[in-house]
Every structure is written in structure tokens, then in C-alpha cells.
> 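Take this structure, written in C-alpha cells, and hold onto it; I'll ask about it next.
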There are 6 protein chains.
Amino acid sequence: MRIFILNPILEDQDKQNQQRRKDALRNLSETTAPDVELEMRGLSRGAATMESFYDEYVGMKDIVERALEAERLGYNAVVLNCFMNPALEGLRELLEIPVVGAGEAAIYLASMLGDNFSILDPDPPHRTYSHKIVSSLGLTHKLRSVRYLNLGVEGLRGGFEEILERMVGESVGAVEQDGAHVIVLGCTGMMRYSERLAERMKLYDVPVVEPLTSAINVAVALARLGLRQSKLSYPKPAEKKRLR
Amino acid sequence: MRIFILNPILEDQDKQNQQRRKDALRNLSETTAPDVELEMRGLSRGAATMESFYDEYVGMKDIVERALEAERLGYNAVVLNCFMNPALEGLRELLEIPVVGAGEAAIYLASMLGDNFSILDPDPPHRTYSHKIVSSLGLTHKLRSVRYLNLGVEGLRGGFEEILERMVGESVGAVEQDGAHVIVLGCTGMMRYSERLAERMKLYDVPVVEPLTSAINVAVALARLGLRQSKLSYPKPAEKKRLR
Amino acid sequence: MRIFILNPILEDQDKQNQQRRKDALRNLSETTAPDVELEMRGLSRGAATMESFYDEYVGMKDIVERALEAERLGYNAVVLNCFMNPALEGLRELLEIPVVGAGEAAIYLASMLGDNFSILDPDPPHRTYSHKIVSSLGLTHKLRSVRYLNLGVEGLRGGFEEILERMVGESVGAVEQDGAHVIVLGCTGMMRYSERLAERMKLYDVPVVEPLTSAINVAVALARLGLRQSKLSYPKPAEKKRLR
Amino acid sequence: MRIFILNPILEDQDKQNQQRRKDALRNLSETTAPDVELEMRGLSRGAATMESFYDEYVGMKDIVERALEAERLGYNAVVLNCFMNPALEGLRELLEIPVVGAGEAAIYLASMLGDNFSILDPDPPHRTYSHKIVSSLGLTHKLRSVRYLNLGVEGLRGGFEEILERMVGESVGAVEQDGAHVIVLGCTGMMRYSERLAERMKLYDVPVVEPLTSAINVAVALARLGLRQSKLSYPKPAEKKRLR
Amino acid sequence: MRIFILNPILEDQDKQNQQRRKDALRNLSETTAPDVELEMRGLSRGAATMESFYDEYVGMKDIVERALEAERLGYNAVVLNCFMNPALEGLRELLEIPVVGAGEAAIYLASMLGDNFSILDPDPPHRTYSHKIVSSLGLTHKLRSVRYLNLGVEGLRGGFEEILERMVGESVGAVEQDGAHVIVLGCTGMMRYSERLAERMKLYDVPVVEPLTSAINVAVALARLGLRQSKLSYPKPAEKKRLR
Amino acid sequence: MRIFILNPILEDQDKQNQQRRKDALRNLSETTAPDVELEMRGLSRGAATMESFYDEYVGMKDIVERALEAERLGYNAVVLNCFMNPALEGLRELLEIPVVGAGEAAIYLASMLGDNFSILDPDPPHRTYSHKIVSSLGLTHKLRSVRYLNLGVEGLRGGFEEILERMVGESVGAVEQDGAHVIVLGCTGMMRYSERLAERMKLYDVPVVEPLTSAINVAVALARLGLRQSKLSYPKPAEKKRLR
């Protein structure tokens, strides 16, 4: 069972980042079965972070190529490592293996765990991307609130303890003021805070759902069950003239 | 990783049934990771089949006891082997480990695989139990149709090939007439038809979702992720006078 | 016209409680036609109060027996004296006379009286039982807020004036801060506060809907109209092997 | 307890019609408590039948006057004898006693009796008035189908047995083809067929809800409970310059 | 291209008001194409302002007559100059030219401009008329909040700068506290503040939608496209006995 | 007033196509005010037709460039000439002028014209793209049916009379069998049939909404009103490292 994790942003070649990715992969494999192999790759062309539809468009060509290559290399499923699920629909058209988006998987798992959930959004207030994803899944009735960290994706890489406290604060606010029953991390860049935040929220007995690990486990489940996206919903694009 | 499968109906002690359950467990383990152990148990007191709310009430006491025992024995999760998710909410209150219902898991997975789904219901026409489950999850916008086999749960144990043809016929009808993109089996008693039906529906490239295997894989995923139901949604019942 | 009120909790035999029930019946008959006879009974086995799904399960067997007996004794309708509508669906399957739940009746009447309503919930914050009932009726668009008294059902039996003030305070908050147009009492244990609360809320010209009296009047209306639950929605459970 | 039934159409003074109204009142009183007195009045100015918004506008002035007079005469509630609920909102603003519309009451009662309902509409196909009423109550998820008799309101006064057969045919179609669990009569002009139709539909154990008797019983229930429309939803119109 | 603007309130003959209407027409024509002619008329009989259903009923007869006259005079479309869209449905039945309501047009345009909107309502708190209009269009999921100016329609004619500041304050509150992305003016009587408010809100890059100009532009668009209301939704009222 | 029409597909340089575009522009200008100038451009790189998410991705880079150029050249608005609204969200982020999608505009106008609408979809059955667009606008309650022409976009360029008859047939089916009140053309490639189809459907008095002309008129309306997309919903993408 081999799962390909596609980072839809520029691959950063510097050492610190390499280490961060290695750590991530090691953490990730702790949440998967012994027979699961994980690989992770980013883009040669794209945006440094994914924070707008435009960032999605910029990386589109490379995202498609990476995913097609994963299928050729025999991976059992592709996981999109971004809460925004970029290019999810097109990849599902093109590929014959399951394609799972991190945001989608997290929201579905959260829906199974409680009556409602709140999302921690890394962006500044007034963003409605989180609302849009939930709404596109038809699960708006389960969304209690979106809490904004106002850091941006880049800002999530700042001082660990300070940012953790901010996340704890907003999670507590979601529970106490908004009545949230489950916390969903609204960016896969929050993964490194996930374990510590979950510990802190045990006080409330509130689950904290991390999107990338959620998506990997959903992808594994689909692959084991022999399932993939319906080709009636995502038909194979017909051959035609296309200039790229 | 040990998963307890709770059959919310009378345990049948005759040999044919024992064999059927063994076959089922063997099939089930083919869809799970090598480190997953499965156990399955039914009730000493309850109804022979689960086809009404009253059948749920009759088995209630034993369902609760079986589930509490599974927790005491150290299982990592409990899976309810019934599309109707009987006693799901109360068990989630009582237990500290994840409890997953077969119907719920199947409907969520189906929602991830396509734009909509249809359910094959074993019961006679006019039953709306399938509608109620989908509606309670807030996913009615994804339900394209319910197709009735008009057999009853007992009838599913009839002649294999004949019943398979009936299921193929209704699945094709769901796709061609109702526009369904995914087929959900509306009873875990349909499991033995699942593989053959899935093969037949490959013509349409339509996934067939079997609820029990779906629930087991979802339960495993939750357990690996260290997640369980929110205790804000399902609070532990307070101590009080209770006469049973 | 004879209406059977079923208390889905342990029957308390002490004198104070007997008096309380007598008072209740006298109050109740003031809101019914001269030709209506009321009877009220509790359980021999069950929970002392109804505050969780588990409490419902514990009383299930006795609830079913009481209701079947009421039908045998020729009552024209059964009213469930609990906002949570316990066992409502199964009783509707089993009985040929109308079965009405207090929560359901109150929410429908409230929906007819104004653009929206808020519920006074006796439980601690974060409970979503009230949300679930409203949602199961498909009337979430009418629910403005749930206001928590944080007393528990038992706590409602405390000092009258103090609790009344708390209820007035939350009702005023529902109106002024949440924009509620109707107040629904979220527990039939609040009945003794109902009249005084309604008087106090006349200042805002806001109706206060008490669930038990609502359910009795709805049950009488159905019985007079010769109506009962559709047997297509609640089919008579078929004969089968059932061990209790 | 005195209930005023307001016919929002021209009062017909001919003898045949007088007899029909007497019969109606006698039938109606059979579905009410012994202490309920009914009165019924139509308009001096308005349309002969209510089949369009324009028909509502034409009778508006007289409807308002009749309702205000009923309040002055001490009636306990006003019932609008039309499925379209004409002028319902304005009357609720003006009056201090409950105002109940026949369509609204029928749809709420039907919602309590089963999982879904279908409406028998007297009008030609393509009319969406029935849909609009259900949608304005937020109960579209309960509407299974609208079945058109294609007679017009006037046509309902034709040959009894022939029209009854048509209604039976459409009701059976609603149940067998559309999966309806409850039948709602979509015009108070169908009242004279109500009893016979209900008998015929006993075969399916399907309730038939007649709107006028529903509204009267709801109005009585509200009056007994001391409830009326919220004055926050329907504020008393402020004094101002108005030329009529 | 000639558009008839129907003011559904008493025509005020005094000079100040005449001047105000002239100014309005001049402003309005600045937002229309060079080939568009505008006319505006009020009622001889009706209410001084439109703030309740009753106010709508009082003017009903004259509204219908004005609209029919506009059609006879060859206007290409009728625009209802009121956010409440009074008599909109009946006029659409009667007329063969497009009829556009100011509230409806504003809400649809706002829906196209952003993820959600808030409405500035001239009325006191607790009014739900704005909610009702949005809900009747099925766009409640786009409504973020209603902000009440608590002035009444008459009060909007008070001191310009003071009222403007109030509108700015509520608009800023809608954006900063409620998360609104678009501001909709909930009364055509706010038109004179529209331009200044829009300027002030440029700071947030938030569109301000004025209902009357919206409706005129939508009416012009429909007329140019050769479109008008579907006569299946708004059938021509049949000939019948009607006494007015 | 200058409107830029962006064709999100390969620009075809052959003569027949040039003529077709000229005809289209001439037809389009008949539905706009005398002061409106139209320009239309396609892509150098992209897909020959737009029938999948993948086709959208292929043209993404050029779509963005064309739109940015239109803004630089001083156009007042950009109209996307495709029912699928490709790249709509990203363009709204990038541009300071209104961007209007053909599908979105058509669906909103159709919503204003009647109680419901059906879409003529050029694609084979089972496609749910039309459903997705309507659902993303939150207007699913207005969608009566999707009728499939099963031609593909390319097939729309076949024999005129034969295709027209097919469109008439499906439109009549939508009205008579599905109960549609408005017909929406689900592809801007159907524009050349629009006038003739509208004539044929006059029999039913049913509006036929053509998406491109709808979008142009909506864009003009927005530009005249000084409105554009909210920058809170579509924030300007921040400067960052992007490799294209």
C-alpha cells in the first residue's frame, strides 16, 4: 500500500525544510498501518504557499503532472496536502486511483465525531475559504464557527510556543463561546502543533482533527476497500485538441 | 489494533450461521491492515433481525452490555453491524472508545466518492428508514434515490444468483433512470453480494459501498488517529437512580 | 375523549411528588375541553430523570409496556411527557392510536406563532439535544438560540422564585440579544414556572410555549379529527422471533 | 370558546349555497369539543373564488374588515377558510387574537403524522402555489409531490362520485408512485370529499388531512393554551396617515 | 426603453417632496443608459410609508391600477420602489411586461458580488421583514446579519450627516463584527445616503447595493433581453365574478 | 462602456469561425445599450472546448493573462463566455473591475423570472456539472431538472434545424414532464439557437435564458451602478514567490 502525498506548492530545497519534511513523514507514518509506505513531493513551478485561487492556478500545471506521475509509478492513492483541496476535481477526472483532499477528509471525519465543529483558519479575518469548502460539501449545518489566527500560512512557521498558545486560545474560544464540539485544523501547515493542541484540549474532551493525517487514513481506507471516485461524477476527459 | 463488531440481533447458534459468520470475518479481514484483529458477537436477547425501531428497543439492553464489555476487554473501537445504527448515540455517551455505525460510515464514504448516491434498501417500498439516516447526517442533497428490493432482511438469505440479479437490476436502474453516481448497500446483510455486484457495476465505473467494511475501516482510521466521538456531543451520563 | 400521559421516568411514590402530580393534572385539565379526561403514569423500571440517550434506553421496556396498556384500556391518544420524545418512533409503530411527543408538539406550535423561537434548556451549556430535536423536524431555520439554565432536570425542583428569575433572565436575553420571537420551554419539568413566566414576558408580547400542554392539545386535536400517525411512516413491526 | 371562520371570497346568497354552508358547519362541529361555537362569514366585495394573488388583492379590504369585526365581537380566534392563507400576515399584525390559516395548519399537522406528504391541488398542472406555501413554512423537505386535479376551485362543485374517483386516483398515485405517506387536501373546497376519501385510503393506512377542520382544531388549541401570534413577528401597525 | 417606477405609498404633493423626487430621478438617470427614460408615480390611496403588511394591503387597489396603466401607456417594465416588494406577485400575474421589486433585485445583485451580505434595516430591532424577503428567495445562506437603524422609514428623512454616521457605524459593525462582505440598503428611502456611504466603505473595499437603482438596471436588462416573468409561475388570472 | 468577452477556449483562426464570431458580436450588440462596446477574444493556449475541469486547467494561464490585459486596456468589465464559469474566482481576486460568469448570470436571472428552471445541458446524461454550478450558488431549490442533449459542445455545431428540434423537444419535456417554468441554456454555444427556441416556447409563455447575453447585461448593470466583486470575498493575492 503506497500513498503519494502531493504538496501543491513550491518545493523548498533548503536544509531546514528538508528536515521539517522528514519529521513530518516520520510523524505521519506513526498514524498509519505497518504496510503503508508514504512519499511526499512538491512542485517545481507554483506558488510558495497556497492562500488564494490564484496560487492554485499558478501551480496547476505541475500539480497535474505530479499526480499523473504518481499513478504511473503505481501508487495506490494520491493525497492533496492542502486544506483548500486544489485541483481536486480535475485530478479525480484524470486519475484511475483515489484522490483525497486534506480539507475534505478532515471535514468528513469531524462530522462523524460530533454534532458540530469549528475550524482554525490561519488567515486574516473575513476570509471565507473555510466556509466555501464546508458549503461545497453540503455540511454547513455542522460548522459552528471559523476562528482566525491572522498569521497567514507563512506565519505558522513562527515561534512554536507562542503560536501554540494562540491556537489553544482560539480553540477554547470556539468551545466556550461558539459551542464547538470538535476542532478542525484549517491548514496542513498546522500539523506540527496538532499533538500538543490535542493534549491541551483534552480538558474539554474535544477531538482535534488534523487534515493531512485524516486524508492519508481515508485514502488508505478507500484503497483497502477497492474504492475510488465515481467516474460518472468525474468522467475521464475526452481526447481533443489541447495546447498547453 | 482490535475492533469489536457488534451484531445488534439475536446470535444464531446453528452451524450454518456459524459458518456464515466465519466466512464473513475472513472476508472482512481481507479489507483491513495486517495489524488489525476483528471479533464479532451478537445478542442473547433481542430481535432475530433489525427492521423496525421496535426491534432496536427489544435488543437495547444487550447491545449496551456487549459494548461495555468490549471496552472492558480493551478493544480499540466498536463497530455496529447494522445499517440502521441502532443505539449508536447512547453507546457514544457510555464508551470512551470510538463507536462507528455501519450506515453512517457508508454514507460518509459514498459522499466522498461522487456527487450523489443511491441506496439499495432490502425492505418493501414506502419504507423511509434510509431517508431518515441520510437526513439525520444532513446529507439529503446527496441522496439520489432509494431502490427497494422488497425482500426483507430475512429474504436476503435466499437464492444467491437470483438476488444478485435483482440487486444488479436495481443498481442499473439507479444509475440509468435516477442518475446515481455511487451505489450504497442499505443493509450489512448484503455483504455477501457486494463483491460480485461491484464487478458487475464496473461497466458503469460506479463504486459500490458496503457498510460493514466501510465502518471497520473508518473505525481503524479513527483509532490510528487517536480520535473518538466528542464528549461534548455525547456526554457521559451522570450517576443517578436507575432501575433496570 | 381520554388521553394517557406517559412519564418516561421512574414513578416516585413519595407524598410530595404525588401532590405535585395532582397539581399538574389539575393545571393540565384547565387547558383542555370539558369532555377530555387525563391520566398520567410513570415507570417501575427506568431512570429517575431523562437527560441522556442512555436514560431513554434504561426505561425503554417499561415505556413500551405502559403505552400498549394504554391502548388496550381504550385511551384515544398517548402523550409522551418529555421534551426529548423518548421512544416516540417505536411507539408509533406499535400503536394504532395517535402518539404525540411533548418536544415535537411544542416546536410545531411555536413555529406557527412566530418567525423564530428560542429554547430554554435545563441542562448545562454545550448540550445539543435541543438542536437535534429541532433539526430532526427540519425546523432549524426557525431556531434562534438555545439558552441554558445549567440546572439539570433535578435542579428545576429547587427554589421557585430564584429559578423563575433565571428563566425570566434567559428569556429576556433570548429576546433582546438573540432576537427570539417565541420562547419554548425545553423540559416538561418547567411546567410549574410556565404561567408566571408567560405573565412576565407579556411585556414583550412574546408567547411562552409549554410542551406538555401543547402535546395534550395536539393529541386531542388529532383524535377529534380521526387522525393518527401514518402507518407507511411507522409500519406495524412484523411478527418474528424476539427474546426480551 | 367561539371561533370565527372567515371565507375570503364573495358570499353567495343563493339557497343551494346556504344549505351547503349549513351542512359544512354541522360537519365541522362534529370535529370540535362540545364547548366550541363556530360562525362562518364571507365577503361583500372580493372574488368568487380564490385562485390567484390577484383574487386575494381584490378581497383584501373586506377580509380585513371582517376579521376586525370578529375581534370586536369577542371571538377567541379567526380561521381563514382557504388553503392559500390570504391576508394571514396582515391580520396577525392587526388582531390580538390568534389567526390561523387553513393551509398552514394542515401542512403542520401533516408534518407531525408522517415522514412526508403529498398535496392534492385543485388547479391545473404547473401551478406552484402549493409549493410556495410549503416552502414559506420551511417544510419543503417533507413535500413528496403535488398532484393536480385540473378542475379549478369551481370544478370541485361538479359530480360528486366522479370527482371523488379522481381524488382517489391521484391519492393512490401519490402513495404508490411518489411514495407519499400522508395526503393533504390542497383546497378547503374539497371538504365534502374528505370523509369518503379517508375511508378509501384506509387500505393504505394513510391519513387524509382536511385543512379547514385542521385549522379550527389548531385555533381551539391555541386559544385554550392562551397563545396567539408573537407580536414581535407581527407588530401592531403604527398609527400613520392612511387613505383607503 | 421606458421604465415606470411605482412608489407604493401616498404621493406627497408638497414642494419639498417634489424637489426630492426630481433629485432622485436625476440621480437615477445617471446610473442608466442614454436610451432609458424613467417615470415615477405614487398612490392617491394608500399608506404614507410602507412598514407593515397592513400598509401594503391599504395601497393594494391603487398599486394594481397604477401598474396596469403603465402597461397600457407602453412602458417596457415596472419597478416597485420599495424593498418589501409589495404586490409583486399579483402584478406579475396581471402584467405582460417585466415587474421587478427593489428588494429582490438588490438581494440578487448582492449575491453575485460576494460570499455573503448584511442588510441595513431602517426599522426597530426584532423586525424580521428583511429575513423574510431573503428567505423567500432561498438565499438565507448568504445573509450574514440584519443591522437595525431603529429610525423607521420616516426617520430616514432626518438630519443627513447624523443618519449617515449611523449608517456608516452599522455598516462597519456588519463588516468587522458580523463578517459581512457586501452591504445592502434595506429601504429605497436610503438612496440619498447611498453614494456617501459607498465612499466611506471603500476603506473596506465593500460594495454598497442600493435597491432602487439595482431594480431599474435589472428591469432594463430584462427588457433588452426580451425577457419577462414566466407565465407558468404567474398565470394570468382567469375571468370570473369579482366585486371591487 | 466597454465590455471584454473572454472565450476560455482556443481561438480558432479559420474563416468560418471568424464569421461565426462576427455574427455573434452583431447579435450580442442588439441586446445592449447604444453606448456599450463589445470585444471578444479567445486563447492561444488551452482546450478546443470546455467540457471538464481538466479543460479549465489547461487554459488557466492564458485566461488569467487575457483578463489582466483587458483591465489594463481600460475595459469596464470582463465576461466569461462559458456556462462553467472557469477561473471566475481567481479572476475576481486579481481584477479591480467586475468579472461576470455566463452560467452564474443566467442562473440568477432565471431565478428572478419564475419559481423554478430547468437547464438544457449539451453533454451526455449523468453529467452533474450543471447541478454543481447551481448548488454552488445555493439555488438548488430552484432547479427543476437538467435535460441532456447528449451532443457535446462540438456536436452543437451540427445541423441547425435538427439540433433546434432536439432543444425544443427537451424544453417541452422540461415543461410538461418536469414542471419547469423557465428554460436556461446550459452552454453559450447554444446562443445561435436561442432566438428560434424562445419563439417556439412562446406557446407555453416560458422564458428562455441565454447565458452570454445575460452575463453581458449583468456586467453592464454592475458597471453602471459602480459595483464590482467584494474584495473581502475575493482578496487581492498578496505578493509572494511564484514560479510560473
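Just so you know, these numbers use all the heavy atoms, side chains as well, and skip hydrogens, waters and symmetry mates. All chains are named by letter (A, B, ...) in the order of the sequence lines, taking the proteins before the strands, and each is independently numbered beginning at 1.
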> Would you mind telling me which of A:L10, A:L91, A:I9, A:T128 has the largest number of heavy-atom pairs within less than 4.5 Å of chain F?
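Most heavy-atom pairs under 4.5 Å with chain F: A:L10.
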> Output a table of donor-acceptor pairs, distance under 3.5 Å, between side-chain atoms of residues 129-138 of chain F and any protein atom two or more places apart or on a different chain; print 'none' if there are none.
| residue | atom | partner | partner atom | Å |
| --- | --- | --- | --- | --- |
| F:S130 | OG | F:D121 | OD2 | 2.8 |
| F:S136 | OG | F:I133 | O | 2.8 |

> Quick check on F:L232 against chain A: is it the side chain, the backbone, both or neither that has a heavy atom closer than 4.5 Å?
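When you check distances to chain A, atoms from both the backbone and side chain of F:L232 fall under 4.5 Å.
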> Does any pair with a residue in residues 67-86 of chain A pass ring-ring contact (aromatic ring centres under 6.0 Å, His included), and if so which ones, sequence neighbours excluded?
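For residues 67-86 of chain A: A:F4-A:Y75.
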> Counting only non-hydrogen atoms closer than 4.5 Å, can you tell me which residues of residues 39-57 of chain F sit against chain A?
F:S44, F:R45, F:G46, F:A47, F:A48, F:T49, F:M50, F:E51, F:S52, F:F53, F:Y54, F:D55, F:Y57
> With a 6.0 Å cut-off (strictly less than), is the heavy-atom count around CD of A:E162, excluding the residue itself, greater than 12?
no
> So which of F:P124, F:P125, F:A87 has the biggest tally of heavy-atom pairs under 4.5 Å with chain A?
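Highest number of heavy-atom pairs under 4.5 Å: F:A87.
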> Counting only heavy atoms from other residues, nucleotides and ligands, does the tally under 6.0 Å from NZ of A:K22 exceed 12?
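No - once you tally the heavy atoms of other residues, nucleotides and ligands closer than 6.0 Å, there are 12 at most.
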> Checking an interface table here. Which of residues 237-244 of chain A come within a heavy-atom distance under 4.5 Å of chain F?
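Checking residues 237-244 of chain A against chain F gives A:P237, A:K240, A:K241, A:R242, A:L243, A:R244.
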> Between F:E89, F:K61, F:H126, which shows the greatest number of heavy-atom pairs under 4.5 Å with chain A?
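Among F:E89, F:K61, F:H126, the one with the most close pairs to chain A is F:E89.
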